Amino acid sequence: MPHLLRLHPTAPGEAAGPHAPGRTAPTEDGGAILAHGTDRAGIERIAAEVPFVAHGVAGHDVTTTLTPGRVHPAAAHLLAEDG
């Protein structure tokens, strides 16, 4: 089952910089991660390890039921129930 992990900033943007070497820091709009191949407990563990969340500069919420209106054929396997 795919999960959508949405990140939202809890501190000013410059606070994320030290936790983003070589990465794109979340903007004021936040960010998103599509996770596949894990259960809800697994995605919660993944979320806790995201550097921005772990260091308190971003929070998160998880959507475990995704019903897309359209899916590009190359990404269809990401939304398959059986992975």
Side-chain angles (χ1 to χ4, degrees):
M1 162 114 16
H3 306 280
L4 178 63
L5 169 61
R6 293 180 294 177
L7 302 174
H8 50 87
T10 58
E14 59 272 6
H19 311 294
R23 295 187 178 110
T24 301
T27 67
E28 64 185 36
D29 297 325
I33 298 169
L34 181 63
H36 189 262
T38 188
D39 59 9
R40 177 66 184 235
I43 191 63
E44 291 292 347
R45 283 191 301 276
I46 291 167
E49 294 171 2
V50 171
F52 308 115
V53 174
H55 291 94
V57 296
H60 75 281
D61 57 86
V62 177
T63 301
T64 56
T65 303
L66 299 175
T67 309
R70 296 185 299 171
V71 178
H72 189 281
H77 71 282
L78 295 173
L79 298 174
E81 283 290 325
D82 59 2

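We use all heavy atoms of the structure for the numbers below, so side chains are in, but hydrogens, waters and symmetry mates are not. Just so you know, these numbers come straight off a predicted model, no measurement behind them.
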Side-chain donor-acceptor pairs of residues 50-63 under 3.5 Å, sequence neighbours excluded:
unit_1 : atom_1 : unit_2 : atom_2 : d
His55  : ND1    : His19  : ND1    : 3.4
His55  : ND1    : Pro51  : O      : 2.9
His60  : NE2    : Glu44  : OE1    : 3.2
Asp61  : OD1    : Arg6   : NE     : 2.8
Asp61  : OD1    : Arg6   : NH2    : 2.5

Spacing of Ile33 atom CD1 and Ile43 atom CD1 [to the nearest 0.5 Å]: 7.0 Å
Least distance between heavy atoms, Ala32 atom then Leu4 atom: CB-CD1, 4.1 Å
Flag, side chain of His3 to backbone of Leu34, donor-acceptor distance under 3.5 Å: no
